[in-house]
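Below is one structure, written out as structure tokens; the observations come after it.
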Amino acid sequence: MAEDLSIVKGDKTAEYKSIIPQIDALITGEPDLVANLANTAAALKEQFGWFWVGFYLVKGDELVLGPFQGPVACTRIKKGRGVCGTSWAEARTLVVPDVEAFPGHIACSSLSRSEIVVPIIRNGQVIGVLDVDSEHLNHFDETDRVFLEEIVASLNFEV
């Protein structure tokens, strides 16, 4: 099946409301986790044009790089380190307006200026994170948090 996205430009809420059902259509009925994470990252990158968007999955005591769109990235992140590791440790979404001001920020790319990390929580445990970086300061807000948390909740990790 050929997948084409209908990219809507406008206010952020309208863009999310357009892309979410398209992501749902891409992943519904597909049991492969990697395929679904890859298509989710690609759809978000195409819709919003973010610098980097992707997933890290918990493997033992580290987050390990999963499907993503953007430049090469850090492969492993310890719990509590950087924005991703802190989101994992605290089991909460972190919106970072200026990554340089975040204590212990891990600079996978010097071009990243702001970031949002959404933990993927199943059965009370963080099993991964969705990480999104922008080359602009103060790029992410409450609207991003709400809709990205909705997207993460819709992903099937029970396969």
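Keep in mind the model is a prediction, meaning the values are calculated, not measured.
With values rounded to the nearest 0.5 angstrom, Ser112 atom OG is found 8.5 Å from Glu100 atom CD. Taking CD from Gln69 and CZ from Phe51, the interatomic distance works out to 13.0 Å, rounded to the nearest 0.5 Å. Separation of atoms CD1 (Ile120) and CD1 (Ile151) is listed at 11.5 Å; rounding is to 0.5 Å. How far CD of Glu46 is from CD1 of Ile7: 4.5 Å, rounded to the nearest 0.5 Å. Here Thr75 contributes atom OG1 and Leu63 contributes atom CG; the two are 12.0 Å apart, rounded to the nearest 0.5 Å. Separating the CD1 atom in Ile27 from the OG1 atom in Thr40 is a distance of 4.5 Å, to the nearest 0.5 Å.
Remark: side-chain polar atoms of Ser134 are not paired, donor with acceptor, to backbone N or O of Trp50 under 3.5 angstrom. Within the 3.5 Å criterion, the main-chain N or O of Arg113 finds no donor-acceptor partner in the side chain of Glu135. Side chain of Gln22 to main chain of Ser18: a donor-acceptor pair is present (N/O by atom type, distance under 3.5 Å, no hydrogens or angles). Remark: side-chain polar atoms of Asp131 are not paired, donor with acceptor, to backbone N or O of Tyr56 under 3.5 angstrom.
The shortest side-chain heavy-atom distance between Val96 and Val117 does not fall under the 4.5 Å cut-off. Residues Phe48 and Ile19 meet the side-chain proximity criterion, which asks for heavy atoms closer than 4.5 Å. Residues Lys78 and Asp61 meet the side-chain proximity criterion, which asks for heavy atoms closer than 4.5 Å. Leu44 has its side chain within reach of Leu148: a pair of non-hydrogen atoms, C-beta onward, lies under 4.5 Å apart. Side chains of Asn138 and Ser114 form no contact here, defined as non-hydrogen atoms less than 4.5 Å apart. Side chains of Gln47 and Lys9 form a contact here, defined as non-hydrogen atoms less than 4.5 Å apart.
Listed by first and then second residue, the ring-ring contact (aromatic ring centres under 6.0 Å, His included) pairs that reach into residues 57-97 are Trp52-Phe68, sequence neighbours excluded.
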Task: Chi angles and distances behind the side chain to side chain contact (heavy atoms under 4.5 Å, CB included) call for Leu57, Val64 - done: CA-CA 5 Å; Leu57 302 174; Val64 178; 5.6 Å; no
TODO: Go through Ile77 and Val129 one step at a time and tell me if the side chain to side chain contact (heavy atoms under 4.5 Å, CB included) criterion holds.
DONE: CA-CA 11 Å; Ile77 299 171; Val129 299; over 6 Å; no
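The shortest heavy-atom contact between Arg122 and Leu155 is NH2-O, 2.7 Å. Nearest approach of Ser154 to Asp24, heavy atoms of both residues: OG-OD1, 3.7 Å. Residues Gly54 and Ala41 share a closest heavy-atom pair of CA-CB, 4.4 Å. When every heavy atom of Ala73 is checked against every heavy atom of Leu65, the shortest pair comes out as CB-CD1, 4.1 Å.
Within 6.0 Å of atom CZ in Arg81, 12 or fewer heavy atoms from other residues, nucleotides or ligands are found, so the atom counts as exposed in its surroundings.
Residues Leu33 and Ile127 are members of one and the same hydrophobic cluster, defined by side-chain heavy-atom contacts under 4.5 angstrom among Ile, Leu, Val, Met, Phe, Trp and Tyr.
In this structure Asp144 satisfies the side-chain hydrogen bond (donor to acceptor under 3.5 Å, both in side chains) test together with Lys12, Tyr16, sequence neighbours excluded.
Pro119 pairs in a side chain to side chain contact (heavy atoms under 4.5 Å, CB included) with only one of the listed residues (Thr93, Val152, Val58), which is Thr93.
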